Amino acid sequence: MTINEESTLSNFIQQAINNDNESGRFDRRIHTRFPPEPNGYLHIGHAKSICLNFGLARDFGGLCNLRFDDTNPTKESVEYVESQKEDVRWLGFDWHDRELYASDYFDELYEFAKQLVLDGKAYVDSLSQDEIREYRGTLTQPGRESPYRERSVEENIDLLERMKDGEFPDGAHVLRAKIDMASPNINMRDPVMYRILNTEHHRTGAKWRIYPMYDFAHGQSDSIERITHSICTMEYEDHRPLYDWFLEELGMYQPRQIEFARLNLSHTVLSKRRLLRLVEGGYVNGWDDPRMPTIAGFRRRGYTPEAIRDFCDRIGVAKNAAIIDIALLEHSLRDHLNKTAPRAMAVIRPLKVVITNYPEGETDWLDAVNNPEDETAGTRKVPFSRELYIERDDFMEDPPRRFYRLAPGREVRLRYGYFIKCEEVVKDNDGEVIELRCTYDPETRGGSAPDGRRVRATLHWVSSEHAIDAEVRLYDHLFMRWNPDEEADDGADWLSFLNPESLVVVEAAKLEPSLADASPGSRYQFERQGYFCVDTRDSMSGKPIFNRTTTLRDTWARVQRSQSNR
RNA sequence: UGGGGAUUCGUCUAGUGGUAGGACGACAGACUCUGGAUCUGUAAGCCGGGGUUCGAAUCCCUGAUCCCCAGCCA
């Protein structure tokens with residue numbers, strides 16, 4: 001896949017690394033890490049970080065660790081660890097033997113904490129949670145020092161050990177760094193290093209009763225792993241002075257933290273809280289619902305890792321809050337699927353067509369190209385017979401200007417088949433068109449006329465006798481709004497912007513018979529309609545279910561839109 | 001007069017004192033047995049105001065707007 005060399009080679013993080021290489025700051029060594037907290041499913045925003053961190057390591061000939069930031073056992077689980085590993089792997093990245101955990105360093109971290117206490121740089125605070133908040137001050141007012149701030153080293157060590165040994169209930173004490181309660185940066189106002197959590201950890205079991213906070217664990221973990229560039233999102237910029245402070249006070253090797261803007265995607269939400277609400281509120285069917293912006297959701301929807309990686313390369317890396325048009329993701333998707341997905345014919349909303357001059361009971365097996373973008377994909381046979389289905393949308397009794405599909409008296413081509421002409425329209429008592437009676441030209445077999453006659457349209461079709469039935473799930477954007485997070489003028493909230501048509505189920509689509517044994521997860525282009533994949537969860541042999549990954553670009557739809565706007 | 005960060009086509013993004021470029025999207029056309037793909041072209045931008053300079057997106061001053069921070073979450 002071609003990547004945009006220009007943009008991938010000129011983002012500010014690459015420049016920073018180049019500078020560090022020139023100055024020899026890290027001995028020209030590059031070592032990054034992707035540090036998810038195993039408390040949920042990875043989403044497209046994480047994909048940006050994964051591609052960035054693993055990509056940098058790849059491009060600069062360095063390494064990238066997978067490190068789980070598992071410092072809060074109340075929210076984390078092995079299930080999440082497993083799903084996150086699967087997602088990183090699926091995206092195409094390999095951490096080799098460096099599957100690491102912040103919890104691997106709990107012993108060392110505890111020793112670091114004791115060292116700071118011994119140095120008079122940390123103390124045990126026994127204020128309640130509310131009191132600590134009160135003492136912290138506000139954004140505009142400095143905080144006040146805790147009455148416990150000047151406890152003796154001996155008392156602090158004693159209390160800390162007893163905290164570790166499980167002598168106290170949750171919240172009784174915390175260990176705090178002694179920095180500056182008047183700092184304009186709230187993170188420096190004696191931040192909490194350890195809190196008591198009488199909870200078992202998914203990896204360390206019942207060993208610990210106290211767990212380190214992010215700020216006390218992350219930098220030291222980076223340092224222990226000899227990370228050179230610790231890349232994180234903008235909200236951690238205010239934490240960088242603290243990151244550096246711990247490492248300096250501890251006299252440890254110091255990586256460089258660099259912040260970039262997290263990804264926002266149009267027509268969806270990416271905050272963990274909102275994603276969780278969608279799942280728990282039943283607005284979608286689980287974390288891997290094909291409408292979810294999770295890696296698992298995209299995978300089930302039929303997206304390819306190549307498409308997501310290409311997207312991450314295209315969006316660039318910068319520091320300003322941006323909302324990327326989801327159309328860009330869809331562009332990367334179509335770009336890859338166009339080259340790789342075999343074509344097939346499927347009629348989603350069938351309209352019966354009888355070829356009146358075609359012999360009854362006869363079947364003609366026609367040659368169809370599997371992928372015009374890939375000669376090696378070969379050809380297949382599709383059956384033609386007297387009774388067919390075409391798409392309802394491909395016929396109009398009273399066609400408007402620029403509609404050049406089938407209409408009474410008009411001739412069109414059936415793809416890889418024959419030219420047919422509509423002779424008669426059959427309706428039911430309600431005036432609904434239920435059948436078309438057409439004639440075919442035997443001379444046009446394969447799709448071209450010996451007399452050089454041309455037709456304006458080519459339609460997809462299936463033979464009714466040979467077609468297989470399938471359920472088709474038509475997915476669309478989850479939200480109707482560019483930015484659902486932005487409150488509406490009338491105060492309506494983000495959930496009210498859910499797209500009621502984000503999933504439309506069609507029970508009885510008609511597929512060409514070659515699709516009968518399509519395996520779960522396999523992707524196709526249904527010609528003239530879009531890319532579809534066999535659902536990996538609900539599809540069963542004999543009763544296939546296809547998910548629409550995305551539509552094809554639709555010029556006719558655009559024409560219709562511009563006509564109705566007039 | 002709390003701290004931190006940001007602002008370049010509709011949306012992203014390059015630019016590092018010397019012709020504002022690319023991508024997506026939009027529009028127009030060519031081609032086409034997918035109204036797909038492909039190809040060609042068009043429109044579209046430096047947050048505002050001052051200043052420095054032969055020359056400013058870039059340097060200086062000033063203002064505006066947006067984002068993040070007051071978890072014993074990460």
Side-chain angles (χ1 to χ4, degrees), chain A residues 4 6-7 10-11 15 35-37 39 69-72 74-76 125 127-129 132-134 136-143 170-176 183-189 191-197 210-211 213-215 217-218 232-241 259 261 266 272 314-332 334-335 338-339 343 345 369 372-373 402-405 413-417 419 444 446-448 454-460 482 525-530 551-559 562:
Chain A
N4 186 339
E6 294 290 309
S7 75
S10 61
N11 76 59
Q15 290 173 10
E37 184 191 12
N39 71 341
D69 225 334
D70 56 349
T71 56
N72 184 356
T74 64
K75 294 187 173 174
E76 299 153 6
D125 195 356
L127 251 24
S128 71
Q129 191 159 172
I132 285 182
R133 178 164 47 240
E134 209 181 308
R136 184 153 36 223
T138 69
L139 294 178
T140 52
Q141 293 169 319
D170 289 7
H173 310 279
V174 290
L175 182 71
R176 292 232 251 171
S183 173
N185 180 348
I186 290 182
N187 295 301
M188 301 299 272
R189 317 237 266 229
V192 173
M193 295 161 59
Y194 269 95
R195 77 288 216 188
I196 299 168
L197 251 25
I210 57 173
Y211 293 93
M213 297 287 291
Y214 165 86
D215 285 307
H218 202 91
C232 59
T233 45
M234 294 300 295
E235 64 268 27
Y236 292 101
E237 196 149 29
D238 287 341
H239 293 246
R240 179 152 34 101
E259 309 84 13
S266 75
K272 203 161 272 184
R314 284 170 183 269
I315 59 179
V317 180
K319 291 180 79 126
N320 61 309
I323 300 179
I324 311 272
D325 193 338
I326 198 167
L328 184 56
L329 212 210
E330 291 165 348
H331 169 81
S332 293
R334 292 190 182 106
D335 194 43
N338 177 48
K339 292 169 191 146
R343 313 289 131 123
M345 291 198 285
V369 174
E373 305 291 323
R402 295 185 71 178
F403 179 91
Y404 42 81
R405 276 112 92 146
R413 170 170 39 235
L414 258 18
R415 177 135 237 229
Y416 301 124
F419 286 10
T444 58
S448 51
R454 302 183 81 84
V455 289
R456 199 67 199 276
T458 299
L459 309 186
H460 61 277
W482 169 266
Q525 184 199 98
F526 289 174
E527 294 213 28
R528 303 208 306 133
Q529 310 210 82
T551 59
L552 250 28
R553 278 182 76 229
D554 189 347
T555 308
W556 169 237
R558 260 184 287 155
V559 169
S562 73

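Quick note on labels: first sequence line is chain A, next is B, and so on, each numbered from 1. For clarity, every value in this text was computed on a predicted model and none was experimentally measured.
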Inset, instruction - Look at A/Asn320 and B/rU13 and indicate whether a side-chain polar atom (N or O) is within less than 4.0 Å of OP1 or OP2. - result: yes
Next on the checklist: Is it the case that the base of B/rU38 and the side chain of A/Glu373 share a donor-acceptor contact (distance under 3.5 Å, atom types as modelled)?
Outcome noted: no
**Asked** When all nucleic acid strands are considered with a 4.0 Å heavy-atom cut-off, which category describes A/Ala318: base, sugar-phosphate, or nothing?
**Response** sugar-phosphate
>> Applying a 4.0 Å non-hydrogen cut-off, can you work out what A/Tyr416 is touching in the nucleic acid: base, sugar-phosphate, or nothing?
In response: base
**OP:** Rounded to whole angstrom, note down the P distance from B/rU8 over to B/rC12.
**Re:** 8 Å
>> Taking the P atom in each of B/rU7 and B/rC24, what is the distance between them to the nearest angstrom?
In response: 23 Å
**Message:** So A/Thr555, base contact, sugar-phosphate only, or nothing? Heavy-atom distance under 4.0 Å.
**Reply:** sugar-phosphate
By side-chain hydrogen bond (donor to acceptor under 3.5 Å, both in side chains), A/Glu259 pairs with (sequence neighbours left out) A/Arg240, A/Gln257
For RNA chain B, the dot-bracket notation using Watson-Crick and G-U wobble pairs below 3.5 Å, [ ] for pseudoknot-type crossings and | for other-strand pairs, is .((((((..((((....[..)))).(((((.......)))))....(((((..]....))))))))))).....
* Asked: If the C1' atom of B/rA26 is compared with that of B/rU19, how far apart are they to the nearest Å?
  -> 26 Å
A/Tyr404 OH to B/rU34 C1', in whole Å, measures 11 Å
Its contact letters, B for base, S for sugar-phosphate only and - for none at protein heavy atoms under 4.0 Å, make nucleotides 42-48 of chain B read -------
Please tabulate, one pair per line, each protein N/O and nucleotide N/O from nucleotides 26-29 of chain B that are separated by under 3.5 Å, including the distance.
unit_1	atom_1	unit_2	atom_2	d
B/rC27	OP2	A/Arg558	NH1	2.9

Side-chain contact check for A/Trp482: nearest option of B/rG35, B/rG25, B/rU11 is B/rU11
Q. Can you find a heavy atom in the side chain of A/Arg136 that is under 4.5 Å from one in the side chain of A/Ile186?
A. yes
- Just call it for A/Val317: base, sugar-phosphate, or nothing, with non-hydrogen atoms closer than 4.0 Å on any strand. sugar-phosphate
Check this for me, if you would: do A/Lys339 and A/Asp335 make a salt bridge, where the nitrogen-to-carboxylate-oxygen distance has to be below 4.0 angstrom?
yes
Taken to the nearest whole Å, NE2/A/His331 to C1'/B/rU13 is 15 Å
Is A/Glu37 paired with A/Lys75 through a side-chain N to carboxylate O contact shorter than 4.0 Å?
no
Assigned chi class of B/rG25 under the 90° convention is anti
(Q) Using a 4.0 Å heavy-atom cut-off, does A/Phe403 contact any base of the nucleic acid, only the sugar-phosphate backbone, or nothing at all? (A) base
Original post:
When all nucleic acid strands are considered with a 4.0 Å heavy-atom cut-off, which category describes A/Gln525: base, sugar-phosphate, or nothing?
Top reply: base
In whole angstroms, the gap separating P of B/rA14 from CZ of A/Arg314 amounts to 15 Å
With B for base contact, S for sugar-phosphate-only contact and - for none (protein heavy atoms under 4.0 Å), nucleotides 69-74 of chain B reads BBSBSB
| task | Would you indicate what A/Pro372 reaches in the nucleic acid, counting non-hydrogen atoms under 4.0 angstrom: base, sugar-phosphate, or nothing? | result | base
The residue, A/Ile324 or A/Leu328, whose nearest nucleotide of RNA chain B is more 5′ is A/Ile324
| request: List the steps, then state whether side chain to side chain donor-acceptor pair (under 3.5 Å) holds for A/Arg415 with A/Thr458. | output: CA-CA 6 Å; A/Arg415 177 135 237 229; A/Thr458 299; 6.0 Å; no
Between CZ of A/Arg528 and C1' of B/rU34 the distance, given in whole Å, is 7 Å
Practice task
Using the C1' atom on both, measure B/rG21 against B/rG2 and round to a whole Å.
Solution key: 40 Å
(request) Could you give the distance separating B/rA30 and B/rU65 at their C1' atoms, to the nearest angstrom? (result) 45 Å
Could you give the distance separating B/rA56 and B/rG18 at their C1' atoms, to the nearest angstrom?
10 Å
Answer yes or no: side-chain N or O of A/Arg343 and base N or O of B/rU34 forming a donor-acceptor pair under 3.5 Å. yes
ask   = Taking the C1' atom of each, how far is B/rG45 from B/rG15, in whole Å?
value = 13 Å
Interatomic distance, CZ@A/Arg413 vs CZ@A/Arg454, rounded to 0.5 Å, equals 8.0 Å
Please write out each protein N/O paired with an N/O of nucleotides 15-18 of chain B under 3.5 Å, distance rounded to 0.1 Å.
unit_1	atom_1	unit_2	atom_2	d
B/rG15	OP1	A/Gln15	NE2	2.8
B/rU16	O4	A/Gln15	OE1	2.5
B/rU16	O4	A/Gln15	NE2	3.1

Looking at every strand, decide which applies to A/Arg454 at a 4.0 Å heavy-atom threshold: base, sugar-phosphate, or nothing. sugar-phosphate
- Message: Does any part of the side chain of A/Gln129, heavy atoms only, come nearer than 4.5 Å to the side chain of A/Val192, both counted from C-beta?
- Response: no
| said: Test side chain to side chain contact (heavy atoms under 4.5 Å, CB included) on A/Arg528 and A/Leu459; report intermediate values, then the result. | reply: CA-CA 8 Å; A/Arg528 303 208 306 133; A/Leu459 309 186; 3.6 Å; yes
* **Whole-angstrom distance between B/rC59 and B/rA74, as gauged at atom P** => 38 Å
